[in-house]
Trainee: 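I am attaching a structure below and will ask some questions about it afterwards.
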Amino acid sequence: MNSRSQSFFVYFLLLVAIGAMLYVGFRDTTGTVEPLTISKVAQQVQNSRVSRIVVEGNDVIRVVSPDGTEAESRKEADTTLVDQLRGFGVTTEQLAKVEVEVSAPSAWGGVLSGALYLLPILFMGGLLWFIFRQAQGSNNAAMSFGKSRARMFSGEHPTVTFADVAGAEESKQELAEVVEFLKEPQKFIQLGARIPKGVLLVGPPGTGKTLLAKAVSGEAGVPFFSISGSEFVEMFVGVGASRVRDLFEQAKRHSPCIIFVDEIDAVGRQRGAGLGGSHDEREQTLNQMLVEMDGFDTDTNVIIIAATNRPDILDPALMRPGRFDRRVTLDRPDVKGREAILKVHAKGKPLDPQADLATIARGTPGFAGADLENLVNEAAILSARRNKKSIGQPELEEAIERVVMGPERKSRLISDEEKRIIAYHEAGHAIVANAIAEADPVQKVTIVGRGQAGGVTWFRPDEDRILMSRKKMLATLAMALGGRAAEELIFDDITSGASNDIEQVTRMARAMVTRLGMSVELGTMTYGQKEEMIFLGREISEQRDYSEAVAEQIDREVRKIVEDAYKNAKALVKKYRKQLDLVATKLLEVESLNREEFEKLVPSPLGKKSGTPQVA
Ligand code: ADP
Ligand code: MG
Ligand code: ZN
């Protein structure tokens, strides 16, 4: 606002205020309006001194006496006039003598008189606003309409540190660098290092994403601004984007600091992906967030940490360099992790010396950190109810049940039988990979579930590969089917747990035949044209440009490739049955094995990589 329009504004306010005062004064001196209490109205009705009552709008009523004089009163907005009068003992007969009329208030009259009452207040407000603007310049925090609801936790008295986050060593290591940067930004800037702007925390609910973000701020001793993605979405149109702007403004003023966006999937869904139009508000909010992140200078020293349990639905734009280009994954804890978490939450609570947290950890496969916290709490409640002085083993055991049954449960408990199947399934993948020269070495095997999958076996490609040989692909197929092969061998039955493996295998085998020309029978040709929706960057459909006969041939070829791979996998798990048992048993005990542990347990029968190819 320039100074000319500012002074005009002040004069305008003054004029309006004078007018309002005159009007109010005039009303007071005429004395025609004399507000009554509702009990007085009831009394007058009982004494037959009321002939008519006009209800205007929600709560204003006009009471007309037989001689025509009018008085104003108010009723409670949420009950009817009749009910209210009855409440004061007015009978039906007495009410019958009164004519009750409901009139919509004349629009202009209502607005005008309302506005006139409001004017002095508006004037004061306007004046205050003016003074504040003068005093603090344009980006002040005095007026906070439409400001972000971000809660600010000061980092000066950190309440959470890395010590409070147990069983997440890898994630903490990855975030240590962020902490260092927040502590001493100059050190990094001097060397011209590009500082991470955004870190995406990914993991199932209750695995400590929020906790870890707070711990980063606690460790670094910087302020922490937190807002949840779903809060943005609830807002009125246009407000979400302005909240984002305010949040970043606020953060920049407090830098170095952390902005934490919880549940970012609520705003960060792929844009334009919804059928039947998209959610404009959400998109605007997301766009604003991207704009703000891109607008950060290298010396802004604000790091944005976002959390989600649905990284798959996030807009790819969020993942571009300079945005959330770091990803830290939090998994459900394994036995050791669970014990560590239990210890964290038992600290400061009187734990019976006989209580054995390791046993409790073993009895809670599938529990996330939040479940374990809940467990300790339930045990404490139980112990208190039993008038115990400390938390004992029986209470802890009982608390497991309660958490499993309870509504707050973030994950499910895996049964022993299920655990055994998962252990053999994962061991199957690992053993097959171990026995094929072309397969990538095993990086980690775990039976701690992630998402829908029962367990995971990770492989580490030896080098950054851009080309995949046919042998390598066949090895990958066999390895992917190793899980099911082991299930069939050990349990003589198969489960739904391999659905993801099978999907992957089918896709790869099909690609080998139709896209990569790797089938002898069908030759070096591509079949079918891919149709992609360019702006979504996703494949939508495939157009067939081959005959029915060829389609059958393709299906036959694909099936043959998959069947051969499965045969191979089955032969290998049978051949290395001892190793399979060894790995599965160990997994049941410790739940996860890293590369060294795995290799120590089952040295590759090939000496790996030096051996002869097992798969043709
Ligand atoms: P998320 O944000 O991933 O859903 P939270 O950070 O809100 O999970 O975790 C909820 C609670 O569970 C935390 O406040 C903490 O008490 C407990 N918790 C979760 N993970 C851990 C952990 N690794 N170590 C200690 N406590 C944890
Ligand atoms: Mg959370
Ligand atoms: Zn599998």
Side-chain angles (χ1 to χ4, degrees), residues 159-172 175 200-216 226-230 260-266 305-310 328-334 336-348 361 367-377 403 408-411 421-433 445-447 449-459 476-487 494-505 569 573:
T159 43
V160 183
T161 64
F162 277 165
D164 297 304
V165 189
E169 299 313 317
E170 286 161 37
S171 317
K172 281 196 270 185
L175 287 168
L200 188 64
L201 297 179
V202 177
T207 45
K209 297 184 291 296
T210 310
L211 187 72
L212 196 57
K214 277 188 195 160
V216 170
S226 129
I227 191 149
S228 159
S230 57
F260 178 60
V261 186
D262 211 349
E263 300 172 52
I264 196 173
D265 41 291
I305 302 182
T308 183
N309 49 14
R310 296 293 312 275
V328 175
T329 308
L330 281 158
D331 284 317
R332 293 207 182 96
D334 62 8
K336 270 186 254 145
R338 289 198 299 271
E339 190 180 342
I341 294 173
L342 285 169
K343 273 193 191 139
V344 164
H345 290 288
K347 203 162 47 181
F367 269 33
D371 300 317
L372 296 167
E373 184 210 3
N374 195 5
L375 187 158
V376 175
N377 188 46
V403 174
E408 277 186 59
R409 192 169 48 112
K410 298 243 198 270
S411 33
I421 295 172
I422 296 169
Y424 268 101
H425 179 104
E426 297 308 328
H429 286 307
I431 291 300
V432 170
V445 199
T446 171
I447 58 169
R450 171 180 277 195
Q452 290 301 311
V456 199
T457 303
W458 304 87
F459 299 93
T476 309
L477 291 179
M479 177 224 88
L481 290 167
R484 165 154 290 203
E487 281 182 39
I494 45 180
T495 67
S496 59
S499 70
N500 196 28
D501 299 336
I502 291 167
E503 211 180 294
Q504 217 183 317
V505 164
V573 289

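Start at 1 and go down the list; that is how both ligands and their atoms are numbered. For this chain, numbers begin at 1 and follow the sequence in order.
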Trainee: Suppose I only count heavy atoms of V165 and a 4.0 Å limit; which atoms of ligand 1 are within that range?
Mentor: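 It comes down to these atoms of ligand 1: 23 (N), 24 (N).
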Trainee: Just heavy atoms, cut-off under 4.0 Å: does N309 contact ligand 1 by side chain, backbone, both, or neither?
Mentor: neither
Trainee: At their closest point, which heavy atom of A368 faces which heavy atom of G206, and how far apart are they?
Mentor: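 The answer is CB-O, 3.5 Å.
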Trainee: List every atom of ligand 1 that sits less than 4.0 Å from any heavy atom of P205, numbering the atoms from 1 in the order shown and giving each element.
Mentor: 4 (O)
Trainee: Please name the pair of heavy atoms, one in D164 and one in L211, separated by the smallest distance, quoted to 0.1 Å.
Mentor: O-CD2, 3.8 Å
Trainee: To 10°, measure the OD2(D501)-the Zn ion (ligand 3)-NE2(H429) angle for me.
Mentor: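 Angle OD2(D501)-the Zn ion (ligand 3)-NE2(H429): 100°, rounded to 10°.
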Trainee: With a 4.0 Å cut-off on N to O distance, would you call K172 and E169 a salt bridge?
Mentor: yes
Trainee: Within a distance under 4.0 Å of any heavy atom of G369, pick out the atoms of ligand 1 and give their elements.
Mentor: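 Listed by number with element, the hits are 12 (O), 17 (C), 18 (N), 19 (C), 20 (N), 21 (C).
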Trainee: If you compare all heavy atoms of V432 against all heavy atoms of G482, which two are closest, and at what distance to 0.1 Å?
Mentor: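 Looking at all heavy atoms of both residues, the closest pair is CG2-CA, 3.8 Å.
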Trainee: Nearest heavy-atom pair of G369 and I341: which atoms, and what distance?
Mentor: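 That would be CA-CD1, 4.1 Å.
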Trainee: Give yes or no for whether the N/O distance cutoff of 3.5 Å, strictly under, is met between G206 and ligand 1.
Mentor: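 Right, the criterion is met.
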Trainee: Looking only at heavy atoms of H345, does any of them come nearer than 4.0 Å to an atom of ligand 1?
Mentor: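 Distance cut 4.0 Å: H345 passes for ligand 1.
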Trainee: Touching ligand 1 at all, N374? Heavy atoms, strictly under 4.0 Å?
Mentor: no
Trainee: Do any nitrogen or oxygen atoms of A166 lie less than 3.5 angstrom from nitrogen or oxygen atoms of ligand 1?
Mentor: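 Yes, there is a polar N/O contact under 3.5 Å.
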Trainee: Below a 4.0 angstrom heavy-atom separation, can you tell me which part of E373, side chain or backbone, both or neither, approaches ligand 1?
Mentor: side chain
Trainee: For the backbone of P204 and the side chain of K209, can you confirm whether one donor and one acceptor N or O come within less than 3.5 Å of each other?
Mentor: yes
Trainee: Below 4.5 Å, heavy atoms only, C-beta onward: do D501 and R484 meet side chain to side chain?
Mentor: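 No; the side chains remain at least 4.5 Å from each other.
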Trainee: Determine whether a donor-acceptor pair (N or O, by modelled atom type, separation under 3.5 Å) exists between the side chain of S171 and the backbone of T329.
Mentor: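 Looks like yes, one N/O pair under 3.5 Å.
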Trainee: Side chain, backbone, both or neither: which part of A168 comes within less than 4.0 Å of ligand 1 when only heavy atoms are counted?
Mentor: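 A168 to ligand 1: no contact under 4.0 Å from either part.
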